[in-house]
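One structure is given here, and the rest of the page talks about it.
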Amino acid sequence: MENILNSMVIPFVKNVALSIIVLLVGLVVIRRITEFVGKQVERSKMDDTLKPFMMSLIGGILKVLLLISVVGILGVETSSFVAVLAAAGFAIGLAFQGSLSNFAGGVLLLIVRPIKVGDYIESNGFGGTVEAIDILNTTLKTPDNKVVYIPNGDLSNSSIVNYSIKETRRVDWKFGVGYEQDGDKVKRVLNEIVTAHPLVLKDPEVFVRMSEHGDSAVVFTARAWVNAPDYFTVFFDVMETVKKRFDEEGISIPYPQMDLHMPK
(Lines give C-alpha, C1' and ligand atoms only; values in the text may rest on other atoms or scores of the structure.)
Protein backbone atom coordinates (compact mmCIF):
# COMPACT_ATOMS: atom_id res chain seq x y z
CA MET A 1 0.00 0.00 0.00
CA GLU A 2 2.82 2.33 0.90
CA ASN A 3 4.57 1.47 -2.37
CA ILE A 4 1.44 2.36 -4.34
CA LEU A 5 1.18 5.62 -2.46
CA ASN A 6 4.80 6.45 -3.18
CA SER A 7 4.70 5.38 -6.82
CA MET A 8 1.35 6.85 -7.94
CA VAL A 9 -0.38 9.20 -5.55
CA ILE A 10 2.54 11.33 -4.44
CA PRO A 11 3.89 11.95 -8.00
CA PHE A 12 0.37 12.77 -9.18
CA VAL A 13 -0.12 15.26 -6.35
CA LYS A 14 3.26 16.79 -7.13
CA ASN A 15 2.31 17.10 -10.80
CA VAL A 16 -1.02 18.72 -9.94
CA ALA A 17 0.66 21.16 -7.56
CA LEU A 18 3.33 21.94 -10.13
CA SER A 19 0.75 22.43 -12.88
CA ILE A 20 -1.23 24.83 -10.69
CA ILE A 21 1.93 26.78 -9.92
CA VAL A 22 2.88 26.87 -13.61
CA LEU A 23 -0.65 27.97 -14.52
CA LEU A 24 -0.69 30.81 -12.01
CA VAL A 25 2.85 31.94 -12.80
CA GLY A 26 2.17 31.57 -16.52
CA LEU A 27 -0.89 33.82 -16.36
CA VAL A 28 1.15 36.47 -14.55
CA VAL A 29 3.95 36.15 -17.09
CA ILE A 30 1.50 36.36 -19.99
CA ARG A 31 0.00 39.51 -18.51
CA ARG A 32 3.45 41.04 -18.14
CA ILE A 33 4.40 40.01 -21.68
CA THR A 34 1.21 41.43 -23.18
CA GLU A 35 1.70 44.67 -21.23
CA PHE A 36 5.28 44.94 -22.45
CA VAL A 37 4.38 44.08 -26.03
CA GLY A 38 1.45 46.51 -25.81
CA LYS A 39 3.78 49.35 -24.85
CA GLN A 40 6.13 48.48 -27.70
CA VAL A 41 3.25 48.29 -30.14
CA GLU A 42 1.95 51.67 -28.99
CA ARG A 43 5.36 53.20 -29.56
CA SER A 44 5.75 51.57 -32.97
CA LYS A 45 4.57 52.95 -36.29
CA MET A 46 2.07 50.12 -36.68
CA ASP A 47 -1.35 51.20 -37.91
CA ASP A 48 -3.70 51.97 -35.00
CA THR A 49 -6.25 49.64 -36.59
CA LEU A 50 -3.94 46.63 -36.20
CA LYS A 51 -2.83 47.28 -32.62
CA PRO A 52 -5.85 45.97 -30.62
CA PHE A 53 -6.29 43.02 -32.99
CA MET A 54 -2.63 42.00 -32.65
CA MET A 55 -2.74 42.30 -28.85
CA SER A 56 -5.86 40.13 -28.63
CA LEU A 57 -4.29 37.54 -30.94
CA ILE A 58 -0.98 37.40 -29.04
CA GLY A 59 -2.77 36.99 -25.70
CA GLY A 60 -4.88 34.15 -27.07
CA ILE A 61 -1.90 32.28 -28.55
CA LEU A 62 0.12 32.55 -25.31
CA LYS A 63 -2.78 31.20 -23.25
CA VAL A 64 -3.18 28.21 -25.58
CA LEU A 65 0.55 27.43 -25.28
CA LEU A 66 0.30 27.72 -21.49
CA LEU A 67 -2.62 25.30 -21.45
CA ILE A 68 -0.65 22.76 -23.51
CA SER A 69 2.31 23.08 -21.11
CA VAL A 70 0.11 22.55 -18.04
CA VAL A 71 -1.48 19.48 -19.59
CA GLY A 72 2.00 18.13 -20.40
CA ILE A 73 3.06 18.52 -16.76
CA LEU A 74 0.02 16.48 -15.69
CA GLY A 75 1.40 13.59 -17.73
CA VAL A 76 -0.87 13.75 -20.74
CA GLU A 77 0.89 13.17 -24.06
CA THR A 78 1.15 16.54 -25.77
CA SER A 79 0.61 15.10 -29.24
CA SER A 80 -2.52 13.30 -28.08
CA PHE A 81 -3.74 16.42 -26.31
CA VAL A 82 -3.19 18.52 -29.44
CA ALA A 83 -5.21 15.99 -31.44
CA VAL A 84 -7.97 16.10 -28.84
CA LEU A 85 -7.75 19.90 -28.81
CA ALA A 86 -8.08 19.97 -32.59
CA ALA A 87 -11.12 17.69 -32.48
CA ALA A 88 -12.62 19.76 -29.70
CA GLY A 89 -11.85 22.89 -31.66
CA PHE A 90 -13.71 21.48 -34.64
CA ALA A 91 -16.73 20.62 -32.48
CA ILE A 92 -16.63 23.99 -30.78
CA GLY A 93 -16.29 25.63 -34.17
CA LEU A 94 -19.53 24.03 -35.29
CA ALA A 95 -21.22 25.15 -32.10
CA PHE A 96 -19.86 28.68 -32.29
CA GLN A 97 -20.06 29.41 -35.98
CA GLY A 98 -20.99 33.00 -35.21
CA SER A 99 -17.76 33.59 -33.28
CA LEU A 100 -15.69 32.08 -36.09
CA SER A 101 -17.58 34.27 -38.54
CA ASN A 102 -16.73 37.29 -36.42
CA PHE A 103 -13.06 36.30 -36.31
CA ALA A 104 -12.99 35.83 -40.08
CA GLY A 105 -14.80 39.14 -40.46
CA GLY A 106 -12.15 40.87 -38.34
CA VAL A 107 -9.37 39.43 -40.50
CA LEU A 108 -11.26 40.52 -43.62
CA LEU A 109 -11.69 44.06 -42.28
CA LEU A 110 -7.96 44.28 -41.61
CA ILE A 111 -7.06 42.97 -45.07
CA VAL A 112 -9.55 44.93 -47.18
CA ARG A 113 -9.32 47.99 -44.90
CA PRO A 114 -12.70 49.65 -45.57
CA ILE A 115 -12.35 51.28 -42.15
CA LYS A 116 -9.59 52.13 -39.71
CA VAL A 117 -9.32 53.48 -36.18
CA GLY A 118 -10.40 57.12 -36.08
CA ASP A 119 -12.86 56.89 -39.01
CA TYR A 120 -16.45 58.03 -38.55
CA ILE A 121 -18.75 55.41 -40.05
CA GLU A 122 -22.37 54.31 -40.23
CA SER A 123 -23.31 50.64 -40.36
CA ASN A 124 -25.96 48.30 -38.97
CA GLY A 125 -28.04 51.26 -37.85
CA PHE A 126 -25.24 52.84 -35.79
CA GLY A 127 -22.94 55.77 -36.39
CA GLY A 128 -19.74 56.61 -34.56
CA THR A 129 -15.97 56.83 -34.54
CA VAL A 130 -14.04 53.55 -34.79
CA GLU A 131 -12.07 53.05 -31.57
CA ALA A 132 -10.82 49.49 -32.05
CA ILE A 133 -11.12 46.43 -34.27
CA ASP A 134 -10.71 43.41 -31.98
CA ILE A 135 -10.80 39.70 -32.76
CA LEU A 136 -14.59 39.37 -32.54
CA ASN A 137 -16.07 42.86 -32.68
CA THR A 138 -15.49 46.47 -33.64
CA THR A 139 -15.94 49.25 -31.09
CA LEU A 140 -17.65 52.51 -32.06
CA LYS A 141 -17.98 55.65 -29.96
CA THR A 142 -21.11 57.60 -30.85
CA PRO A 143 -21.24 61.43 -30.87
CA ASP A 144 -23.15 61.35 -27.55
CA ASN A 145 -20.33 59.26 -26.00
CA LYS A 146 -22.01 55.85 -26.08
CA VAL A 147 -19.98 52.75 -26.91
CA VAL A 148 -21.36 50.33 -29.50
CA TYR A 149 -19.90 46.85 -30.14
CA ILE A 150 -20.66 45.56 -33.63
CA PRO A 151 -19.77 41.90 -34.42
CA ASN A 152 -17.12 41.79 -37.13
CA GLY A 153 -19.13 39.23 -39.08
CA ASP A 154 -22.09 41.60 -39.33
CA LEU A 155 -19.85 44.55 -40.16
CA SER A 156 -17.93 42.75 -42.92
CA ASN A 157 -21.15 41.51 -44.55
CA SER A 158 -23.10 44.77 -44.47
CA SER A 159 -22.91 48.17 -46.11
CA ILE A 160 -20.52 50.65 -44.48
CA VAL A 161 -20.69 54.40 -44.97
CA ASN A 162 -17.25 55.84 -44.22
CA TYR A 163 -17.27 59.63 -43.84
CA SER A 164 -13.54 59.92 -43.20
CA ILE A 165 -11.91 58.38 -46.27
CA LYS A 166 -12.22 61.46 -48.48
CA GLU A 167 -10.61 64.74 -47.48
CA THR A 168 -13.60 66.84 -48.55
CA ARG A 169 -17.38 66.56 -48.18
CA ARG A 170 -20.34 68.32 -49.74
CA VAL A 171 -22.75 70.12 -47.43
CA ASP A 172 -26.37 70.30 -48.62
CA TRP A 173 -29.10 72.64 -47.36
CA LYS A 174 -32.74 73.09 -48.30
CA PHE A 175 -34.57 76.33 -47.49
CA GLY A 176 -38.26 77.01 -48.06
CA VAL A 177 -39.57 80.54 -48.74
CA GLY A 178 -42.98 81.93 -49.54
CA TYR A 179 -44.29 81.90 -53.11
CA GLU A 180 -44.55 85.69 -53.05
CA GLN A 181 -40.79 86.12 -52.52
CA ASP A 182 -38.38 87.26 -55.23
CA GLY A 183 -36.52 84.10 -56.28
CA ASP A 184 -33.49 85.98 -57.64
CA LYS A 185 -33.12 87.83 -54.35
CA VAL A 186 -33.32 84.58 -52.36
CA LYS A 187 -30.64 82.99 -54.53
CA ARG A 188 -28.39 86.05 -54.17
CA VAL A 189 -28.71 86.13 -50.38
CA LEU A 190 -28.08 82.39 -50.01
CA ASN A 191 -25.07 82.56 -52.31
CA GLU A 192 -23.61 85.46 -50.32
CA ILE A 193 -24.09 83.66 -47.01
CA VAL A 194 -22.55 80.36 -48.09
CA THR A 195 -19.70 81.89 -50.11
CA ALA A 196 -18.73 84.22 -47.26
CA HIS A 197 -18.12 81.40 -44.79
CA PRO A 198 -14.33 81.12 -44.32
CA LEU A 199 -14.36 77.30 -44.21
CA VAL A 200 -16.21 76.86 -47.51
CA LEU A 201 -13.89 75.85 -50.35
CA LYS A 202 -13.77 78.03 -53.46
CA ASP A 203 -13.44 75.07 -55.80
CA PRO A 204 -15.90 73.55 -56.58
CA GLU A 205 -17.92 76.74 -56.42
CA VAL A 206 -21.07 77.17 -54.35
CA PHE A 207 -24.32 75.97 -55.92
CA VAL A 208 -27.68 77.68 -55.22
CA ARG A 209 -30.83 76.96 -57.28
CA MET A 210 -34.60 76.67 -56.90
CA SER A 211 -35.24 72.93 -56.55
CA GLU A 212 -38.88 72.33 -55.63
CA HIS A 213 -42.37 73.80 -55.74
CA GLY A 214 -43.72 72.59 -52.43
CA ASP A 215 -47.26 72.65 -51.06
CA SER A 216 -46.67 75.78 -49.02
CA ALA A 217 -43.19 76.94 -50.03
CA VAL A 218 -40.69 77.30 -52.84
CA VAL A 219 -37.62 75.23 -51.92
CA PHE A 220 -34.08 76.37 -52.69
CA THR A 221 -31.10 73.99 -52.54
CA ALA A 222 -27.64 75.21 -51.60
CA ARG A 223 -24.50 73.11 -51.84
CA ALA A 224 -20.90 73.75 -50.84
CA TRP A 225 -17.71 71.74 -50.46
CA VAL A 226 -15.70 71.78 -47.23
CA ASN A 227 -12.86 69.84 -45.62
CA ALA A 228 -14.34 66.78 -43.92
CA PRO A 229 -13.60 67.87 -40.31
CA ASP A 230 -15.41 71.21 -40.96
CA TYR A 231 -18.69 69.64 -42.12
CA PHE A 232 -20.87 70.23 -39.05
CA THR A 233 -19.34 73.61 -38.25
CA VAL A 234 -20.25 74.94 -41.68
CA PHE A 235 -23.67 73.27 -41.68
CA PHE A 236 -24.83 74.81 -38.40
CA ASP A 237 -23.19 78.20 -39.01
CA VAL A 238 -25.00 78.62 -42.33
CA MET A 239 -28.33 77.47 -40.87
CA GLU A 240 -28.13 80.12 -38.16
CA THR A 241 -26.93 82.86 -40.50
CA VAL A 242 -29.67 82.19 -43.05
CA LYS A 243 -32.39 82.71 -40.43
CA LYS A 244 -30.86 86.02 -39.34
CA ARG A 245 -30.36 87.30 -42.90
CA PHE A 246 -33.82 86.23 -44.03
CA ASP A 247 -35.29 88.22 -41.14
CA GLU A 248 -33.18 91.25 -42.07
CA GLU A 249 -34.07 90.98 -45.77
CA GLY A 250 -37.76 90.44 -45.09
CA ILE A 251 -37.74 86.97 -46.66
CA SER A 252 -40.47 84.88 -45.07
CA ILE A 253 -40.00 81.24 -44.14
CA PRO A 254 -43.49 79.71 -44.36
CA TYR A 255 -44.82 76.93 -42.20
CA PRO A 256 -47.61 74.45 -42.96
CA GLN A 257 -51.06 75.95 -42.57
CA MET A 258 -54.58 74.56 -42.88
CA ASP A 259 -57.68 76.55 -43.88
CA LEU A 260 -60.79 75.20 -42.16
CA HIS A 261 -64.18 76.05 -43.68
CA MET A 262 -67.23 75.59 -41.45
CA PRO A 263 -70.64 75.33 -43.13
CA LYS A 264 -73.24 77.79 -41.83
Side-chain angles (χ1 to χ4, degrees), residues 41-56 105-135 137-175 186-212 219-245:
V41 168
E42 288 297 328
R43 295 173 184 171
S44 70
K45 296 182 179 180
M46 182 184 295
D47 194 319
D48 290 340
T49 307
L50 293 172
K51 291 178 181 179
F53 189 88
M54 289 297 298
M55 293 307 302
S56 300
V107 174
L108 187 62
L109 289 173
L110 293 174
I111 294 175
V112 180
R113 301 297 296 278
I115 60 175
K116 63 180 185 299
V117 171
D119 286 353
Y120 186 90
I121 69 170
E122 286 183 358
S123 183
N124 291 271
F126 300 100
T129 303
V130 178
E131 287 200 321
I133 301 176
D134 295 317
I135 290 181
N137 54 62
T138 294
T139 306
L140 300 184
K141 184 177 73 174
T142 64
D144 55 350
N145 212 32
K146 296 176 183 177
V147 177
V148 180
Y149 299 95
I150 302 179
N152 288 334
D154 294 342
L155 195 60
S156 63
N157 290 311
S158 61
S159 300
I160 301 174
V161 180
N162 192 327
Y163 292 97
S164 302
I165 290 182
K166 299 297 183 181
E167 294 182 356
T168 59
R169 287 183 63 185
R170 193 184 75 186
V171 190
D172 292 6
W173 299 271
K174 288 184 178 294
F175 302 101
V186 174
K187 287 196 298 181
R188 175 179 58 80
V189 171
L190 288 175
N191 191 76
E192 290 176 357
I193 293 171
V194 179
T195 304
H197 198 290
L199 297 179
V200 169
L201 302 177
K202 305 303 179 184
D203 186 26
E205 64 182 13
V206 172
F207 171 91
V208 179
R209 294 296 298 271
M210 184 186 298
S211 59
E212 183 182 345
V219 179
F220 287 81
T221 295
R223 295 171 180 165
W225 287 87
V226 300
N227 291 319
D230 300 328
Y231 179 90
F232 287 107
T233 300
V234 174
F235 178 83
F236 291 118
D237 284 353
V238 169
M239 290 294 290
E240 293 174 356
T241 304
V242 166
K243 177 62 171 66
K244 295 176 182 177
R245 280 291 302 276

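Values below: all heavy atoms of this structure, side chains included; hydrogens, waters and symmetry mates excluded.
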- Query: Quick one: which of Asp134, Thr138, Asn137, Asn157 gives a side-chain hydrogen bond (donor to acceptor under 3.5 Å, both in side chains) with Asn152?
  - Reply: Thr138

- Message: Ignoring hydrogens, what is the shortest heavy-atom contact between Ser158 and Asn124? Give both atom names and the distance.
- Response: OG-ND2, 3.0 Å

- Task: Grab the two heavy atoms, one from Gly105 and one from Ser156, that are nearest each other, plus how far apart they are.
- Result: CA-OG, 3.5 Å

- Any salt bridge between Lys244 and Glu240, counting N to O under 4.0 Å? no

- Item | Gap between atom CG of Leu140 and atom CG of Leu155 - 0.5 Å precision | 7.5 Å

- Query: Rounded to the nearest 0.5 Å, how far does OG1 of Thr241 lie from NZ of Lys243?
  - Reply: 12.0 Å

- Query: So does Arg209 have more than 12 non-hydrogen atoms from other groups sitting under 6.0 Å from CZ?
  - Reply: no

- Message: When you compare the side chain of Val194 with that of Val171, does any pair of heavy atoms fall below 4.5 Å?
- Response: no

- Query: With distance as the sole test, does Thr129 use its side chain to make a donor-acceptor pair with the main-chain N or O of Tyr120 at under 3.5 Å?
  - Reply: no

- Task: Indicate the atoms forming the closest heavy-atom contact of Lys187 with Phe220, along with that distance.
- Result: CG-CE2, 3.5 Å

- Would you say Asn227 and Leu199 make side-chain contact, with heavy atoms under 4.5 Å? no

- Hey, what do you get for CD1 (Ile133) to NZ (Lys116), rounding to the nearest 0.5 Å? 10.0 Å

- Any donor-acceptor pair under 3.5 Å from Asn162 side chain to Asp119 backbone: no

- Message: Are the side chains of Met239 and Phe175 in contact, using a 4.5 Å heavy-atom criterion?
- Response: yes

- Which atoms form the tightest heavy-atom contact between Val238 and His197, and what is the distance? CG2-CD2, 4.4 Å

- For Phe126, does the CZ atom sit with more than 12 other heavy atoms under 6.0 Å from it, leaving out its own atoms? no

- Query: CD of Glu122: more than 12 outside heavy atoms within 6.0 angstrom?
  - Reply: yes

- Working to the nearest 0.5 Å, report the span between CH2 of Trp225 and OG1 of Thr168. 5.5 Å

- Task: Measure the acute angle between the ring planes of Trp173 and Phe235, then classify it against the limits of 30° and 60° as parallel, tilted or perpendicular.
- Result: parallel

- Under-4.0 Å salt bridge between Glu212 and Lys174: no

- Message: If you compare all heavy atoms of Pro114 against all heavy atoms of Ile165, which two are closest, and at what distance to 0.1 Å?
- Response: O-CD1, 3.8 Å

- Quick one: are Val200 and Thr195 in side-chain contact, heavy atoms under 4.5 Å? no

- Smallest separation among heavy atoms of Arg170 and Tyr231, with atom names: O-CE1, 3.5 Å

